[in-house]
Amino acid sequence: MADRLAPVSDNQPDAAPAATAPTGPRPRLLLVDGHSMAFRAFFALPVDKFSTVNGEPTNAVYGFTSMLANLLRDESPTHVAVAFDAGRSTFRTEQYAEYKGTRDATPEPFRGQVALIRKVLAAMRIAVLEKPNIEADDILATLSVQAQAAGMDVLISSGDRDMFQLVNDQVTILYPVRGVSDLWRMTPEAVTERYGVGPERYSDLAALVGESSDNLPGIPGVGPKTAAKWITTYGGLEGVVAHVDRITGKAGEALRANLDQVLLNRRLNRLLTDVELPLTPADLTVQPWDREEMLTVFDALEFRVLRERMFAMVAAEASPPEPVEAGELTLVTPAEGTLGDWLRERAGRRLALDVRGKGTPVGADAWSVAVVDDGGEATVVDLAEVSPADEKALAEWLADPAAAKTVHGAKAAGHALAGRGLLLAGVTFDVELAAYLCEPDRRAYDLAELTFSYLRRELTADAGSGAQGALDLELDGSDDARRAAVRAAAVADLTDVLSSELGKRGAARLLTEVELPLVDVLGRLERTGIAADREHLVELERYFDGIVTSEAADAYAAIGREVNLGSPKQLQEVLFDQLGMPKTKKIKSGWTTDAAALTDLYARTEHPFLQHLLAHRDAIRLRQTVEGLLRSVADDGRIHTTFMQTIAATGRLSSTDPNLQNIPIRTEDGRRIRRAFVVGPGYETLLTADYSQIEMRIMAHLSGDEGLIEAFRSGEDLHRYVGSRVFGVATEDVTSEMRSKIKAMSYGLAYGLSSFGLSKQLDIAVGEAAGLMEDYFGRFGGVRDYLTGVVDEARATGYTATILGRRRYLPDLTSDNRQRRDTAERMALNAPIQGSAADLIKVAMLGVDRELTTRGLGSRLLLQVHDELVLEVAPGERAEVEALVREQMGSAGGDLSVPLDVSVGTGSSWHEAGH
DNA sequence: ATACATACGTA
DNA sequence: CGTACGTATGTATC
């Protein structure tokens, strides 16, 4: 292993450590290829949807401006410029008349839009460059080189692949893949991964393969794979040319026949980097917009929504995060047998970890472990080659709860290590969880994303070197090691930033006392899995399959033909064209065929097709669920879900692969699936424990409404109690109809239900629903005060908070788009309630797990389904486990103003244990 | 191959 | 015009 892990700093002896670089944010230059991006936008957006009332097309302007706004927001450049081509003739067409000759004439609706884009750019005070006879690419290439020399990072947005030759550690191309909203970050690694050669060789590859959009033919029969192989074998195009006679086969012949074209291609695709320009990168600083002009231009373009979005964006740009430069990173390889010493020398310091491997509950494996200390000294252990002595030292350190570690994704890391028989303990920070607590509405928390948004640098950037030359891109062991070390270093830097961020948001304890300890519990629970009765599942599959077949046949018979019953489009044809049924609710593709609509149609038409269609849908869905479960049964006869801890913005867990939080329960056939989840061998029974009306109890507590609190303290049926107060009758006179109305309303309130929604759900007049709500709030005024207060407070502070201080930020509460604002208000109503319930059951899980462990019990947690826990009880432990589960779940809220009722059931299957 | 829309299961 | 999720299928688009 020793020679595989080359020290990073020794590789770049002349690289200036960032620590000595001038302080302050590292400048970032954003360069945009104007024509290229405008053209992409033009084809991405329908022109008929984007025109002014006068019929002037604006789709390219809209798409381009929107893309640019997103780039300014997401990339926070300090400098920016847009380059345009000036005319069609260039020095390239002079050399090769057919250059770009296949391009069709500019589409008519595109003409004129470039002038509009220039107006927008002028209002945004963004520099525009162009030069006769020179393409935009060459201008951007020149600026890119100058900017690098000035120590800037460069981002280039262009749909021209020729630009890939410019990519290096300082230069990233943002290449549009579909439309203009989806941009690939073409870093050196991305280019290499995609084309098999690094960016410095990309133009060689393009010369061999050709570029159809430039009308540059390649070698017939030679694709990127062959070209990459040649380039790697002979060291670039020069080498290929030098050895042209050595290349055998058809491809070799073709190469020799087309050599002139290849060399011409190479001359033409080489970008100029010495174009004389009136401006230098330093002149391109981002300027504040000309607000007046922006309003005028956007007004003329009739971009109302985009205008609001962009101005809102500027308002939100109050404090962009400070870049955190990568410090010097030294990759060391302790002599064999001395890893333990290296780790012991760092005792008492928190070290950052990166584990490469497969971090799943089943089939886990770890390949390498990178460790970096707070001084930037790193070591990477290749687990396939580590010596027994070093592995032992590593295992002891990993398992030592007193050896503090910070990671990204502790649960996956723990799984991966467990796959090698290694135990991970002592994790005192997890940057993924920390980022989730800071920004629970984010959709991605991968290390590259977090590095970019919190450290303002690229994860791929070579750590420990400011500017340097060509990067070693060979995929050998030392490069893998370096990457792992860079990841660990990013974790270390993120830990610093996120710790302070967490502190500012009052979420530090939530991390250390809830989410981090929960990682351990969830990891064990996922590895344990829940036993499945495979035969029962197979039998169910047959059973549901029979129903699917017969219901389909009956459905076809009812309409006299066979259609795809799973195609909403074909169903619409049958229902509304063939059978002429009344139209249902509108959806994007026409009219809905969902179950509610079909049931309604059946009540009106009694057409047997609808009955069979509904029965078919049910059966096909249940069959699908069963088949999914069958596929998920692992070799140990158990199903191992993965609980996602950073998905739900409210703080809930989610379950995937398979989702065990949406196993059917409402219908009899559905419940049969629950019978397939059984107690495993060696255990006595399954036990389920769930909170009753947890969300209403939380609403009672948070609102402090005396009436609602009393309802729970009285021990009476909640909806009956509330119904008696709302309708002014004795509890025993509350009819089941009254009770169900109250139940719907109570739960609806926690979701931001409107009187309109309530009227629809209960099938009553809007006025009646509004009256019902009035009566409700008349008796439970504290609830109304609480709900309005929650929204008001969230609007003022920007966030809601749960009992444990878990925040959800809702900037849309102040949006001037009503739809968005209303949605945000409903989220604000629901988040503290759903989120507090999530807090409570997490605390309960920790308590249950702790008690099981400290009492030395063999019973174990298997599942969490939001307000329910499922456990597997070891022989003889039933009573004790039930008692401790009740105790831990009941006390999870601390001193809430209402009791937390827990109901418990046991049985040999999940169905039997349920209640 | 990939993303979006529809439909529907749970709390 | 009720929140939070995950999955499967069909369909359109590259």
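All chains are named by letter (A, B, ...) in the order of the sequence lines, taking the proteins before the strands, and each is independently numbered beginning at 1.
The CD-P distance, from A:Gln864 to C:dC5, rounds to 14 Å in whole Å. Rounded to whole angstrom, the span from the CG atom of A:Asp657 across to the P atom of C:dT7 amounts to 7 Å. Per the geometry, CZ belonging to A:Arg820 stands 17 Å off C1' belonging to C:dT3, to the nearest Å. What separates CG of A:Asn564 from P of C:dA8 is a distance of 17 Å, to the nearest Å. A:Leu762 places its CG atom 12 Å from the P atom of C:dG2, with the value rounded to the nearest Å. Remark: C1' of C:dG2 and CG of A:Leu749 are 10 Å apart, rounded to the nearest angstrom. Atom pair A:Tyr436:OH and C:dA4:P shows a separation of 12 Å (rounding to whole Å applied). Rounded to an integer number of Å, the gap from CG of A:Asp441 to P of C:dC5 is 8 Å.
Of the residues listed (A:Ile547, A:Val548, A:Thr549), the one engaging A:Glu551 in a side-chain contact (heavy atoms from CB on, under 4.5 Å) is A:Ile547, and it is the only one.
Between C:dG2 and A:Ser754, a contact under 4.0 Å exists linking OP1 or OP2 to a side-chain N or O. The shortest distance between the side-chain N/O atoms of A:Lys569 and the OP1/OP2 oxygens of C:dA12 is below 4.0 Å. For the OP1/OP2 pair of C:dA4 and a distance below 4.0 Å, the side-chain nitrogens and oxygens of A:Thr650 include no atom meeting the criterion. The side chain of A:Ser567 places an N or O atom within less than 4.0 Å of a non-bridging phosphate oxygen (OP1 or OP2) of C:dT11.
When atom types are taken as modelled, the side chain of A:Arg652 and the backbone of A:Ile647 share no donor-acceptor pair closer than 3.5 angstrom. Side-chain atoms of A:Arg442 do not come within 3.5 Å of backbone N or O of A:Tyr436 as any donor-acceptor pair.
Position along DNA chain C of the nearest nucleotide to A:Ser655 versus A:Leu758 favours A:Leu758 as the more 5'-ward residue.
Every stem involving DNA chain C, taken as at least 3 paired positions in a row under the Watson-Crick or G-U wobble test at 3.5 Å, is listed here: B:1-11 with C:3-13.
At a cut-off of 3.5 Å, with distance as the only test, a side-chain donor of A:Gln645 or A:Glu515 sits close to an acceptor on the other residue.
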TODO: Going 5' to 3' through nucleotides 6-11 of chain B, assign each nucleotide B (protein heavy atom under 4.0 Å from a base atom), S (under 4.0 Å only from sugar-phosphate atoms) or - (no protein heavy atom that close).
DONE: SBBBBB
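In this pair, A:Tyr195 and A:Phe164 present their aromatic rings tilted. The plane angle is within the 30 to 60° band.
Counting any heavy atom pair closer than 4.0 Å across all strands shown, A:Gly748 reaches a base atom.
With C:dA8, C:dA4, C:dG6 as the candidates, the nucleotide lying closest to the side chain of A:Ile647 is C:dG6.
Separation of the A:Phe780 and A:Tyr776 ring centroids falls under the 6.0 Å cut-off.
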Open item on the list: Checking A:Arg697 against A:Tyr691 for the side chain to side chain contact (heavy atoms under 4.5 Å, CB included) test, could you report, in this order, the C-alpha distance in whole Å, the side-chain angles of both residues, the deciding distance, and whether it holds?
Closed with: CA-CA 10 Å; A:Arg697 286 171 200 268; A:Tyr691 284 121; over 6 Å; no
Task: Criterion salt bridge (Lys or Arg N to Asp or Glu O under 4.0 Å) on A:Asp717 and A:Arg739, from CA distance to verdict - done: CA-CA 10 Å; A:Asp717 175 273; A:Arg739 185 180 180 280; 2.9 Å; yes
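Between A:Asp839 and A:Arg806 a salt bridge is recorded (basic side-chain N to carboxylate O distance below 4.0 Å).
Going from the P atom of C:dG2 to that of B:dC4 covers 25 Å, rounded to whole Å.
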